[in-house]
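On a predicted model such as this, the values are computed, not experimentally measured, just so you know. All ligand and atom numbering here is 1-based and tracks the order in the structure.
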Amino acid sequence: MIIDNGKMNFFDWLKSLFTNGDTGESSYWIYARCRRCGEVIKTRLDLKNDLSERDEGGYVVYKTLMGNQRCFERLEVTLTFDEKRVLLDRTISRGEFITAEEYQTCQVLET
Ligand SMILES: [Zn+2]
């Protein structure tokens with residue numbers, strides 16, 4: 001049996017493509033519930049690209065979440081981070097923040 005080293009390298013290279021991709025390290029997930037219809041919404045934040053620097057230091061992100069089922073309410077989310085991109089504060093209008101667990105539970109109930 002001949003071991004094809006070229007092929008091994010090719011697969012290693014393929015694997016590296018995936019592992020070097022979205023590892024989740026720079027991802028921050030926002031889970032929220034619409035106050036009007038109760039729909040749960042999640043959205044991904046890229047901590048590397050979505051953050052805007054603030055004059056007073058740190059970063060800020062503005063996101064508008066919109067459900068796609070029952071209503072067209074827009075949830076305005078504001079997140080502030082420190083220089084190390086650690087979440088400091090978050091506010092939401094027309095909705096409330098929920099945890100990932102709550103989100104999962106709601107998904108199960110709806111299907
Ligand atoms: Zn809604």
Side-chain angles (χ1 to χ4, degrees):
M1 186 179 158
I2 299 158
I3 296 166
D4 188 346
N5 277 327
K7 227 170 208 169
M8 291 276 288
N9 289 338
F10 173 74
F11 282 115
D12 283 348
W13 171 77
L14 251 189
K15 223 168 88 185
S16 74
L17 270 189
F18 288 105
T19 47
N20 290 343
D22 184 14
T23 55
E25 275 172 38
S26 67
S27 296
Y28 179 88
W29 286 93
I30 302 170
Y31 301 93
R33 180 186 288 124
C34 176
R35 193 172 281 168
R36 200 164 129 198
C37 69
E39 180 181 353
V40 290
I41 306 161
K42 79 168 177 177
T43 190
R44 182 182 167 275
L45 210 64
D46 188 336
L47 294 180
K48 283 186 185 139
N49 297 312
D50 292 346
L51 273 54
S52 315
E53 280 188 63
R54 294 194 305 166
D55 294 337
E56 58 267 54
Y59 299 88
V60 66
V61 179
Y62 301 103
K63 276 267 179 187
T64 302
L65 312 188
M66 203 170 81
N68 47 23
Q69 289 177 17
R70 302 178 187 110
C71 74
F72 296 98
E73 192 77 284
R74 285 160 186 273
L75 314 188
E76 309 283 347
V77 173
T78 307
L79 301 170
T80 41
F81 296 85
D82 69 9
E83 312 78 57
K84 291 179 186 126
R85 293 165 205 260
V86 175
L87 185 70
L88 290 177
D89 194 26
R90 58 181 191 177
T91 60
I92 187 166
S93 68
R94 295 188 282 276
E96 58 174 345
F97 289 113
I98 57 171
T99 63
E101 287 74 31
E102 285 179 281
Y103 179 85
Q104 295 297 344
T105 309
C106 290
Q107 290 297 106
V108 170
L109 290 176
E110 276 170 20
T111 49

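Salt bridge annotation for Arg35-Glu96: absent, with no cationic side-chain nitrogen under 4.0 angstrom from a carboxylate oxygen.
Considering all non-hydrogen atoms of both residues, Gly38 and Arg33 come closest at O-CG, 3.5 Å.
Ordered by chain and number, Cys34 SG, Cys37 SG, Cys71 SG make up the set of protein N, O or S atoms under 2.8 Å of the Zn ion (ligand 1).
If you check the side chains of Arg74 and Thr64, you find no donor sitting under 3.5 Å from an acceptor.
When the ring-ring contact (aromatic ring centres under 6.0 Å, His included) test is applied to Tyr103, the partners found at least two apart in sequence or on another chain are Tyr31.
Around CZ of Phe72, the count of heavy atoms belonging to other residues, nucleotides or ligands within 6.0 Å does not exceed 12.
To the nearest 0.5 angstrom, Leu79 atom CG is 10.5 Å from Leu88 atom CG.
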